2 protein chains.
Amino acid sequence: MNLKQLSQNLGLSQTTVSRALNGYPEVSPATRARVEEAARAFNYRPSTRAKGLATGQALAIGHVIPMSSKHEMVNPIFGDFIAGAGETYARHGYEMILSIVDDKNEANVYQGLKSRRAVDGVIVHGPRMNDMRIPLLDQLGLPFAVHGRASGCTVPYAWLDVNNRSAFERATNYLYDLGHRRIALLNGLEDMDFAHRRRDGYLSSLAAHDLSPDTALMRSGEMTELSGYGATREMLALPDAPTAILCSSLISALGVRRAIEEKGLVMGKDVSVITHDDVLSYLKNGDDVPIFTATRSSVRDAGRKLAEMLLDAIANPEAPPQTVLLEAELIVGASTGPAPRKD
Amino acid sequence: MNLKQLSQNLGLSQTTVSRALNGYPEVSPATRARVEEAARAFNYRPSTRAKGLATGQALAIGHVIPMSSKHEMVNPIFGDFIAGAGETYARHGYEMILSIVDDKNEANVYQGLKSRRAVDGVIVHGPRMNDMRIPLLDQLGLPFAVHGRASGCTVPYAWLDVNNRSAFERATNYLYDLGHRRIALLNGLEDMDFAHRRRDGYLSSLAAHDLSPDTALMRSGEMTELSGYGATREMLALPDAPTAILCSSLISALGVRRAIEEKGLVMGKDVSVITHDDVLSYLKNGDDVPIFTATRSSVRDAGRKLAEMLLDAIANPEAPPQTVLLEAELIVGASTGPAPRKD
DNA sequence: TCAATTTTCCAAAGCGCTTTGGATATCTCT
DNA sequence: AGAGATATCCAAAGCGCTTTGGAAAATTGA
């Protein structure tokens with residue numbers, strides 16, 4: 001069923017039917033009702049492609065998911081993020097189109113989306129330091145919004161980020177106040193922007209308390225259970241082992257806990273742990289009482305909100321880019337406690 | 001840059017340029033080269049929408065991700081699955097469009113995709129027992145392929161599935177051969193088709209060895225770390241605790257291990273564990289030596305392959321639906337060992 | 001009652017591509 | 001050299017929608 005057939009069925013012109021369906025005023029309430037009724041009956045929906053051609057809009061947003069070509073790893077937060085974004089799109093009649101692409105071909109993909117006019121805008125995932133995608137998109141003139149930020153980018157752009165710096169600074173402070181002096185940082189990959197900010201927050205807290213950072217206690221890498229386990233195991237074997245560990249993801253925190261318990265130590269007593277918690281749907285941090293003390297910020301909410309920002313930016317292109325900085329909650333769970341006394 | 005402008009630039013007709021770019025024979029090698037060169041120089045790509053309108057194809061595949069409205073949970077395997085599927089689409093010039101939808105509105109979404117002609121076909125995720133989506137899609141005439149199967153569906157359809165039944169049967173046999181007699185099953189949600197098949201395999205092995213199933217040792221639910229932990233904790237507290245646990249996902253296996261170790265027991269010695277491993281990129285089962293003995297089947301490969309099957313089916317609609325049944329590997333890791341002697 | 005509005009509807013152009021049905025130029029063969 | 005084949009290109013229609021510029025019908029005002 002297409003517009004032509006529908007309008008013939010109704011004995012009306014395509015114009016009138018189109019207008020009735022799109023809420024234009026120049027059609028009487030009576031015929032509008034008749035048209036809507038018929039559209040429902042025949043299960044008519046305008047072809048996205050035809051509509052897009054006619055209006056010049058794509059009614060679609062692109063999500064370009066970078067995949068580390070080294071590790072072939074897709075970001076585990078990604079599922080929940082797009083679940084949030086998808087809600088927003090559904091509400092606004094937009095489609096989400098997804099490209100998963102290894103880091104090399106990224107520029108190509110953005111160019112393609114632009115020149116094929118496949119999307120009205122894109123969401124940038126996993127920004128790195130000095131991310132070249134941002135100037136690229138800016139130059140292409142393709143509206144975009146970034147989940148996170150990219151230090152070193154000079155052009156203004158729309159972003160939504162968790163205040164990773166302050167979150168990790170507060171977390172470190174909290175551990176300091178509990179008496180911890182040997183505090184380790186298990187960070188994400190160095191070139192990811194968020195990792196950089198988290199380290200800044202961590203270092204800033206150490207500095208504020210006249211603690212000098214120890215590179216033996218600062219790790220970074222992919223955030224897997226195994227890497228959390230391995231790093232913790234190594235660090236606990238040090239002569240001057242850390243009494244507290246700051247961890248970048250709940251997944252690696254599981255590994256941290258395992259290494260602690262394997263050594264016969266008790267988390268929250270012998271070793272304190274704070275992790276960042278993205279509130280992933282398949283990885284809850286406990287039921288009522290959180291297992292881990294955590295800096296918490298829902299990545300699904302972030303998806304919802306950032307999608308809204310992008311749609312806003314598309315709707316009024318003249319407005320300056322919005323930016324949102326979310327403060328993570330610091331929620332106290334069972335994984336932190338006072339630093340053990342030295343004997 | 002559009003076709004018209006490009007062809008004017010070249011002093012050729014749109015027809016010729018279009019043909020040159022699409023590999024039609026009725027254009028001389030010389031002009032074809034000239035056209036391709038110019039297209040590259042001007043970064044020309046045909047508008048997807050216009051092309052789609054003209055050809056009647058969408059060059060897009062829909063993925064409808066059901067989200068349990070109860071738990072708001074997105075399937076954690078989903079990221080890796082679409083990473084695989086995405087590879088295939090990229091190779092064939094298809095786009096992936098994603099809808100995340102709660103179970104109630106699903107029918108609507110499929111209808112919408114069909115009548116708006118937004119996609120050439122869809123992948124069905126997370127099939128349940130007697131899944132009504134399959135007859136629906138069949139009736140709509142929208143090509144589709146299912147990741148998994150749906151017991152009880154009578155219409156023929158294309159699917160790709162792991163042989164969950166035989167995998168869990170073999171795993172149970174393996175535990176039996178190690179001397180285990182109290183074997184627990186931590187399954188996924190009951191109404192998911194794969195959970196049903198896994199239980200079948202488990203029960204069939206028990207029956208073959210004259211073991212009668214004990215409902216106290218059979219759990220099912222969302223597969224989270226916490227649920228694995230909770231269930232194991234409870235079962236280990238039973239007077240007649242299991243000596244082996246069969247687990248449906250690596251995530252919940254982490255919880256299983258935690259509950260075991262928390263009780264001061266050693267996994268692989270006091271309690272054996274076998275889990276299913278989807279080979280998720282962010283959750284590796286150990287580096288070289290697997291941590292868990294596991295039934296293993298890469299969900300990313302599944303995505304790649306199933307996408308290919310769907311594109312095939314779209315390319316020749318007359319062919320009968322393909323079906324692929326993958327056998328999971330049974331890989332032996334450190335989590336299984338002979339049943340402990342009774343004292 | 002009749003001109004001036006206002007409502008309500010329509011025909012046709014256009015969005016950017018593919019494809020049909022020629023037209024023209026170039027070869028081939030005898 | 002000239003007819004038939006073949007290679008090369010083009011104009012125009014059509015895909016399903018929106019939207020512009022009117023036209024016809026209904027309503028209003030004096």
Side-chain angles (χ1 to χ4, degrees), chain A residues 1-39 42-60 93-95 112-120, chain B residues 1-39 42-60 93-95 112-120:
Chain A
M1 174 66 55
N2 59 19
L3 225 212
K4 194 174 181 180
Q5 295 165 3
L6 182 63
S7 55
Q8 283 173 347
N9 242 297
L10 283 159
L12 290 171
S13 75
Q14 298 191 36
T15 310
T16 304
V17 175
S18 170
R19 283 179 165 160
L21 257 23
N22 290 311
Y24 283 75
E26 50 271 271
V27 50
S28 73
T31 43
R32 187 190 304 278
R34 216 162 56 97
V35 170
E36 281 170 346
E37 170 59 25
F42 290 115
N43 220 308
Y44 167 81
R45 318 262 185 108
S47 148
T48 351
R49 288 194 299 285
K51 186 165 189 158
L53 234 205
T55 59
Q57 298 203 299
L59 289 181
Y94 272 71
E95 231 116 65
L113 289 174
K114 165 74 178 179
S115 52
R116 289 182 329 215
R117 274 141 286 180
V119 299
D120 294 325
Chain B
M1 173 65 56
N2 59 21
L3 226 212
K4 194 173 181 182
Q5 295 165 3
L6 181 63
S7 54
Q8 283 173 349
N9 243 298
L10 284 160
L12 289 171
S13 75
Q14 297 191 36
T15 311
T16 305
V17 177
S18 170
R19 281 178 168 159
L21 259 22
N22 290 312
Y24 283 75
E26 50 271 269
V27 51
S28 74
T31 44
R32 187 190 304 278
R34 216 163 56 94
V35 169
E36 280 170 347
E37 171 57 27
F42 291 113
N43 220 308
Y44 167 80
R45 318 261 185 107
S47 148
T48 350
R49 291 194 297 285
K51 186 165 190 159
L53 233 205
T55 61
Q57 298 202 302
L59 289 181
Y94 272 71
E95 230 115 64
L113 289 174
K114 165 74 178 179
S115 51
R116 288 182 330 213
R117 274 142 282 175
V119 298
D120 294 324

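Order of the sequence lines sets the chain letters (A, B, ...), proteins ahead of strands, with each chain counted from 1. The structure displayed is predicted, hence computed values, not measured ones.
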Item to check | Value in whole Å for how far the C1' atom of C:dC17 lies from CD of B:Q5 | outcome: 13 Å
Checklist entry - Within this structure, what is the CD-to-P distance between B:Q57 and D:dC15, rounded to whole angstrom? => result 16 Å
Next on the checklist: What is the distance, to the nearest angstrom, from the CD atom on B:E26 to the C1' atom on D:dA5?
Outcome noted: 16 Å
Next on the checklist: Quick check for you: among D:dC9, D:dT20, C:dT18, whose closest atom lies nearest to any side-chain atom of B:N22?
Outcome noted: C:dT18
Checklist entry - Under 4.0 Å between a side-chain N/O of B:K51 and OP1 or OP2 of C:dT18, yes or no? => result yes
Next on the checklist: Looking at A:T55, I'd like to know whether one of its side-chain N or O atoms comes within less than 4.0 Å of OP1 or OP2 on D:dT18.
Outcome noted: no
Checklist entry - Counting side-chain heavy atoms from CB outward, which of D:dT20, C:dT19, D:dT19 is closest to A:R19? => result D:dT20
Next on the checklist: So, under a plain 3.5 Å distance rule, would you say the side chain of B:T15 forms a donor-acceptor pair with the base of C:dT19?
Outcome noted: yes
Next on the checklist: Here's a test of your reading of the structure: between B:A50 and A:A54, which maps to the more 5' nucleotide of DNA chain D?
Outcome noted: B:A50
Item to check | Verdict with reasoning, B:N22 to B:K51, per side-chain contact (heavy atoms from CB on, under 4.5 Å) | outcome: CA-CA 11 Å; B:N22 290 312; B:K51 186 165 190 159; 3.6 Å; yes
Next on the checklist: So, does A:S18 get its side chain near the phosphate of D:dT19, meaning an N or O under 4.0 Å from OP1 or OP2?
Outcome noted: no
Next on the checklist: Using OP1 and OP2 only, check whether a side-chain N or O of B:Y24 sits under 4.0 Å from D:dT8.
Outcome noted: no
Next on the checklist: Could you tell me how far apart B:R45 (CZ) and C:dG16 (C1') are, to the nearest whole angstrom?
Outcome noted: 16 Å
Checklist entry - Got a donor-acceptor contact below 3.5 angstrom from the A:R19 side chain to the A:E26 backbone? => result no
Checklist entry - Is any side-chain N or O of A:S13 closer than 4.0 Å to OP1 or OP2 of C:dC10? => result yes
Checklist entry - Would you find a donor on one side and an acceptor on the other, under 3.5 Å apart, between the side chain of A:T48 and the backbone of B:R116? => result yes
Item to check | Nearest to side-chain heavy atoms of B:P29, which nucleotide of C:dT19, C:dC17, D:dT8 | outcome: D:dT8
Next on the checklist: Nearest to the A:V27 side chain among C:dG16, D:dC17, C:dC9, which nucleotide is it?
Outcome noted: C:dC9
Next on the checklist: OP1 or OP2 of C:dC9 versus the side-chain N and O atoms of A:S28: is any pair under 4.0 Å?
Outcome noted: yes
Item to check | Interatomic distance where CD belongs to B:Q14 and P belongs to C:dT19 [whole Å] | outcome: 14 Å
Item to check | Test item: B:R45 side-chain N/O and A:K114 main-chain N/O as donor-acceptor pair under 3.5 Å | outcome: no
Item to check | A:L12 CG - C:dC10 C1' separation (whole Å) | outcome: 10 Å
Checklist entry - Is there a donor-acceptor pair under 3.5 Å between the side chain of B:R49 and the backbone N or O of A:R117? => result yes
Item to check | Phosphate OP1/OP2 of C:dC17: any B:Y44 side-chain N/O under 4.0 Å | outcome: yes
Item to check | Distance, rounded to the nearest Å, where A:L53 contributes CG and C:dG14 contributes P | outcome: 14 Å
Checklist outcome for this item: Here the distance between atom C1' of D:dA11 and atom CD of B:Q8, to the nearest Å, is 14 Å
Checklist outcome for this item: One should read off an interatomic distance between B:Q8 CD and B:L3 CG, to the nearest 0.5 angstrom, of 10.5 Å
